There are 2 protein chains.
Amino acid sequence: MGRPPAKPPASLDRGLLPSLLGYVLRRAQSAVFDDFANTFAKAGEALTPGEFGLLVLVDRNAGLSQMALARALGIDRSTLVPILDRLQERGLLMRHRSPTDGRTHALALTPAGEKALARFARLVRAHEKRIASHLSAAEIRVLIDLLEKVHSGARSL
Amino acid sequence: MGRPPAKPPASLDRGLLPSLLGYVLRRAQSAVFDDFANTFAKAGEALTPGEFGLLVLVDRNAGLSQMALARALGIDRSTLVPILDRLQERGLLMRHRSPTDGRTHALALTPAGEKALARFARLVRAHEKRIASHLSAAEIRVLIDLLEKVHSGARSL
DNA sequence: GAGAATTTGTTTGATCTTCAAACAATCTCC
DNA sequence: GGAGATTGTTTGAAGATCAAACAAATTCTC
């Protein structure tokens, strides 16, 4: 009989994992996340995908409350507080007092925040272009469609 | 002019986000993760997707070292330690001393671990069935293929 | 073979994320 | 006006993550 290989195999046996949507999804997400971080690091900017999404939502929905934002992001309102603190310290975002409801903060980007967001959006577009470089435009449309189906489908269980 | 709506709109303006692969990927992943947690909670089992993947890898690659496992999972070897500690405390997994290399631990499932993994795999299959219930078998194949392309494509940047 | 360099698992320290529970301020409903 | 709900914040706990330092063991170099 042949002797066992001296070096461990380059790739492990993953069993059923590659056929599981959850597994493949997680790996793709991780790869995309890495490229996002890389793109921003190389440009000398510091931002997470979550922070980018947050800034876009605040930009497009001026006067948003923290509760509404937390709900849109799918996180607890207490989780949001330190995230907003950080963005506010960076001068990207402000919490105004709402004139109509003293409990809520009306969130808005500062002028510097809007300028930064435009810069970030350029980086995100370059990042998206790179991660989709092995896919055709039609494939990307199909992929986004199917992912949206998974999202809204699972949501209704 | 019409008066502004008394209640905030059910859904926010998400701007360019829904056209970004990274964003849609993250949302789908989050929905899938939620269903995974839900499935296990309802069955009275406690397990994360990461732990399931780990158990499958150990099961299919008996005698694996912690370094090899950490590399396969894409995490630091120091991150792996407390995760293995927990699974070992639950009696699912053991660290044997390797006879050929005194530095490494040969990882293996316990008999109880194998029984538990079979139980977990049943739950995962039910979970997969549920999250894909709005997709045809062909769509799932296409989706997994495209996600795999994104993963291996982004990997080579 | 002896010593140097590398590898492995662990510990410690530092951030970050997350939720839950409790709290004060404010609003809404009756 | 007062009871109950909502909002943002603080605090506490758990978990994930990496980096750096460490001892033990192996491998490489001469």
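Naming convention: chains lettered A, B, ... in sequence-line order (proteins, then strands); numbering from 1 in each chain. As a basis for the values below, the full set of heavy atoms in this structure was taken, side chains included, without hydrogen atoms, waters or symmetry mates. Values in this document were obtained by computation on a predicted structure and should not be read as measured data.
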Quick check: closest heavy atoms across B:Gln66 and B:Leu80, and the distance to 0.1 Å? O-CD2, 3.2 Å
Nearest-Å distance, [atom1] ([X]) to [atom2] ([N])?
X: B:Leu80; N: D:dC18; atom1: CG; atom2: P; value: 11 Å
X: B:Phe33; N: C:dT18; atom1: CZ; atom2: P; value: 11 Å
X: B:Arg71; N: D:dC18; atom1: CZ; atom2: C1'; value: 17 Å
X: B:Ile75; N: D:dG15; atom1: CD1; atom2: C1'; value: 13 Å
X: A:Met67; N: C:dC27; atom1: CE; atom2: P; value: 17 Å
X: A:Leu54; N: C:dT18; atom1: CG; atom2: P; value: 11 Å
X: A:Asp34; N: D:dT17; atom1: CG; atom2: C1'; value: 13 Å
X: B:Glu51; N: D:dG15; atom1: CD; atom2: P; value: 10 Å

Between [options], spot the one nearest the side chain of [X], thanks.
X: B:Arg77; options: D:dA16, D:dT17, C:dT8; value: C:dT8
X: B:Thr79; options: C:dC19, D:dT17, C:dT10; value: D:dT17
X: B:Arg95; options: D:dT9, D:dA24, C:dT10; value: C:dT10
X: A:Asp76; options: D:dG8, C:dC19, D:dG15; value: C:dC19
X: A:Asp101; options: C:dT8, C:dC27, D:dA16; value: C:dC27
X: B:Thr104; options: D:dT9, D:dT7, C:dG9; value: C:dG9
X: A:Arg103; options: C:dT18, D:dT17, C:dC27; value: C:dC27

[atom1] of [X] to [atom2] of [Y]: how many Å apart, nearest 0.5 Å?
X: A:Leu17; Y: B:Leu54; atom1: CG; atom2: CG; value: 10.5 Å
X: A:Leu20; Y: B:His127; atom1: CG; atom2: NE2; value: 8.0 Å
X: A:Phe52; Y: A:Leu57; atom1: CZ; atom2: CG; value: 10.0 Å
X: A:Leu21; Y: B:Lys129; atom1: CG; atom2: NZ; value: 15.5 Å
X: B:Glu128; Y: B:Asp35; atom1: CD; atom2: CG; value: 9.5 Å

Taking ring pair (Phe, Tyr, Trp, His ring centres under 6.0 Å) as the definition, give me every residue that meets it alongside B:Phe120, ordered by chain and number, with sequence neighbours left out. B:Phe40
The helix from C:dG1-D:dC30 to C:dC30-D:dG1: angle between its terminal axes, five pairs each, to 10°? 30°
Heavy-atom nearest nucleotide on DNA chain C taken for B:Leu84 and for A:Thr100; more 5' hit belongs to B:Leu84
Spell out yes or no: do the side chain of A:Ser78 and the base of C:dA20 have one donor N/O and one acceptor N/O closer than 3.5 Å? yes
By the 4.0 Å heavy-atom rule, please label B:Arg97 as base, sugar-phosphate, or nothing. nothing
Phosphate oxygens OP1/OP2 of C:dT7: is one of them under 4.0 Å from a side-chain N or O of B:Gln66? no
Side chain proximity check, A:Leu25 to A:Gln29, heavy atoms < 4.5 angstrom: no
